[in-house]
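Scroll down for the structure; my scribbles are underneath it.
Counting starts at 1 for both ligands and their atoms, in listed order. For this chain, numbers begin at 1 and follow the sequence in order.
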Amino acid sequence: MRIGIVCYPTFGGSGVVATELGMALADKGHEVHFVTYNQPVRLDFISHDLHFHEVLMEEYPLFQYQPYELALSTKLVEVVSKYNLEILHVHYAIPHAYAAYMAKMMLKEKGINIKVVTTLHGTDITLVGSHPSYKTAVEFSINNSDVVTSVSESLKQDTLRLFKITNEIKVVHNFIDTEKYDRESLNECQRIAVAKPEERILTHISNFRPVKRIEDVIKIFHSVKKVISAKLLMVGEGPDKRKAELLVKKLGISDSVIFLGNSHEIEKILCYTDVFLLPSKSESFGLSALEAMAANTAIISTNTGGLPEVNVHGVTGYLSHLGDVEDMSKNTLNILKDDLTLSRFKINAKNHTNKFRLENILPIYENIYSSVLEKVL
Ligand code: GMT
């Protein structure tokens with residue numbers, strides 16, 4: 001099939017899912033075209049046969065805000081017409097589903113019938129999408145997509161609660177290329193570079209936005225550090241980083257906390273991680289937790305949103321109420337109390353990722369595309 005993928009090209013989970021999906025589809029012989037304002041960070045042209053089309057913006061002094069939807073829908077009309085695309089799969093409703101709908105209408109005038117698949121990722125519904133400034137347009141574009149998917153059951157329920165939805169929403173969980181994590185752990189796991197042999201390694205990876213509650217990450221680590229010898233790796237960049245750095249200083253744990261910035265090689269960081277911390281205020285799925293689990297890491301998270309669909313309480317890690325730092329610290333120590341317990345959690349976490357294997361989820365998307373095109377695979 002000939003598929004256009006629209007996403008944010010940044011380090012966020014929706015962009016990662018879209019990019020990994022596009023690369024996997026290309027590996028299976030589909031023609032895949034990415035349309036976005038920058039080359040997606042995880043896009044690997046060297047080993048995949050893919051196309052990338054940059055959405056260019058025209059600066060004009062009158063514009064306080066650049067009309068990105070206009071440029072995107074214009075680019076989509078151009079790319080769909082030129083490459084005879086059959087499907088536009090847009091990730092993150094704002095503004096992608098709206099721009100795709102506009103492109104669909106413009107293409108209809110040219111006699112081209114493009115099908116639009118919209119995947120809802122989380123904050124496009126729970127934080128931003130339901131804001132009064134966007135709600136009407138988001139609701140309209142969800143209801144006017146040919147197919148709508150959400151990355152968890154929890155996000156589906158949030159969407160039905162927050163909007164008047166007339167369209168069906170299919171739940172397609174996020175996926176993971178488990179082999180990528182196996183390979184990396186076997187070949188290049190250099191634990192000694194970050195911690196002493198007796199130290200446990202805790203890691204947090206995110207965009208450091210308020211929703212991630214990274215001060216809770218620091219507080220959990222601080223409590224754990226009082227009992228056992230450990231290091232904390234903070235991976236990512238974002239608005240709350242400064243606050244976290246100040247808290248680390250105030251608590252006197254600067255020697256044990258390493259801020260690594262954004263990384264293209266999270267497999268190499270996760271391969272030596274013992275416990276992954278994700279105390280988010282809301283998380284539609286928690287792709288970073290799934291990636292950590294694929295790298296044999298136990299998870300300490302809140303029980304918000306779709307996290308219970310990924311992290312199984314008492315099996316792959318523990319779930320706690322939002323802000324309950326004491327409970328999360330206690331659970332972390334319970335996992336780390338002895339090697340046998342830690343290894344049991346790690347094995348369980350890895351085993352649970354089988355449910356989300358790329359080879360199981362990819363055919364679900366292919367079936368969605370073929371049924372909307374009424375094609376037999
Ligand atoms: O978590 C973020 O702030 C980034 C955001 C995104 O759109 O890139 O992540 C959302 O989509 C991911 C991929 O489907 C999910 O794993 C994250 O849970 C979700 N984030 C939130 O719901 C806060």
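For ligand 1, one of its N or O atoms has an N or O atom of Phe285 under 3.5 Å away. Where the criterion is an N or O separation shorter than 3.5 Å, residue side chain and backbone included, Ser14 meets it with respect to ligand 1. Polar contact with ligand 1: absent for Val211 (N/O pair, distance under 3.5 Å). For ligand 1, the polar-atom distance check finds no N/O of Val17 at less than 3.5 Å from any of the ligand's N/O atoms. In terms of N/O distances under 3.5 Å, ligand 1 is approached by Asn174.
Aromatic pair Tyr101/Tyr98: ring centres not closer than 6.0 Å. Residues Phe52 and His33 keep their aromatic ring centres 6.0 Å or farther apart.
With hydrogens and angles disregarded, a donor-acceptor distance shorter than 3.5 Å links the side chain of Lys346 to the backbone of Asn296. A donor-acceptor pair under 3.5 Å is formed between the side chain of Asn311 and the backbone N or O of Tyr318. Remark: side-chain polar atoms of Asn167 are paired, donor with acceptor, to backbone N or O of Ser145 under 3.5 angstrom. Side-chain atoms of Thr297 do not come within 3.5 Å of backbone N or O of Val275 as any donor-acceptor pair. Without hydrogens or angle criteria, Thr126 side chain to Gly122 main chain gives a donor-acceptor distance under 3.5 Å. Checked by atom type and distance alone, the side chain of Lys135 pairs as donor or acceptor with a backbone atom of Leu162 at under 3.5 Å.
Considering only non-hydrogen protein atoms, atom 4 (C) of ligand 1 sits nearest to Asn207 ND2, 3.7 Å. Looking only at heavy atoms of the protein, atom 18 (O) of ligand 1 is closest to Glu283 OE2, 2.7 Å. Closest protein heavy atom to atom 11 (O) of ligand 1: His121 O, 3.2 Å. Distance from atom 23 (C) of ligand 1 to its nearest protein heavy atom, with residue and atom name: Ser282 O, 3.3 Å. Nearest protein neighbour of atom 5 (C) of ligand 1, counting heavy atoms only, is Gly13 N, 4.1 Å. Among protein heavy atoms, the minimum distance from atom 15 (C) of ligand 1 is reached at Ser284 OG, 3.6 Å.
Within the 4.0 Å heavy-atom cutoff, Lys212 counts among the residues contacting ligand 1.
Residue Tyr92 approaches ligand 1 through these ligand atoms, each under 4.0 Å from one of its heavy atoms: 7 (O). Taking a cut-off of under 4.0 Å to the non-hydrogen atoms of Arg209, the atoms of ligand 1 that pass are 3 (O). Within the listing of ligand 1, atoms 22 (O) sit less than 4.0 angstrom from a heavy atom of Gly122. Of all atoms in ligand 1, listed by their number and element, those nearer than 4.0 Å to a heavy atom of Val151 are 14 (O). Less than 4.0 angstrom separates some heavy atom of Gly286 from each of these atoms of ligand 1: 15 (C), 16 (O), 17 (C), 18 (O).
For the residue pair Asn360 and Arg357, no side-chain donor N or O sits within less than 3.5 Å of a side-chain acceptor on the partner. One side chain, Lys110 or Ser81, offers a donor N or O that lies under 3.5 Å from an acceptor on the other.
The hydrophobic clustering, which links ILVMFWY residues whose side-chain heavy atoms are closer than 4.5 Å, places Ile220 and Leu278 apart.
Residue Tyr8 does not touch ligand 1, judged by heavy-atom distances below 4.0 Å. Heavy atoms from both the backbone and the side chain of Leu287 come within less than 4.0 Å of ligand 1.
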Item to check | Derivation of the side chain to side chain donor-acceptor pair (under 3.5 Å) call for His91 and His121 | outcome: CA-CA 7 Å; His91 291 260; His121 278 274; 3.0 Å; yes
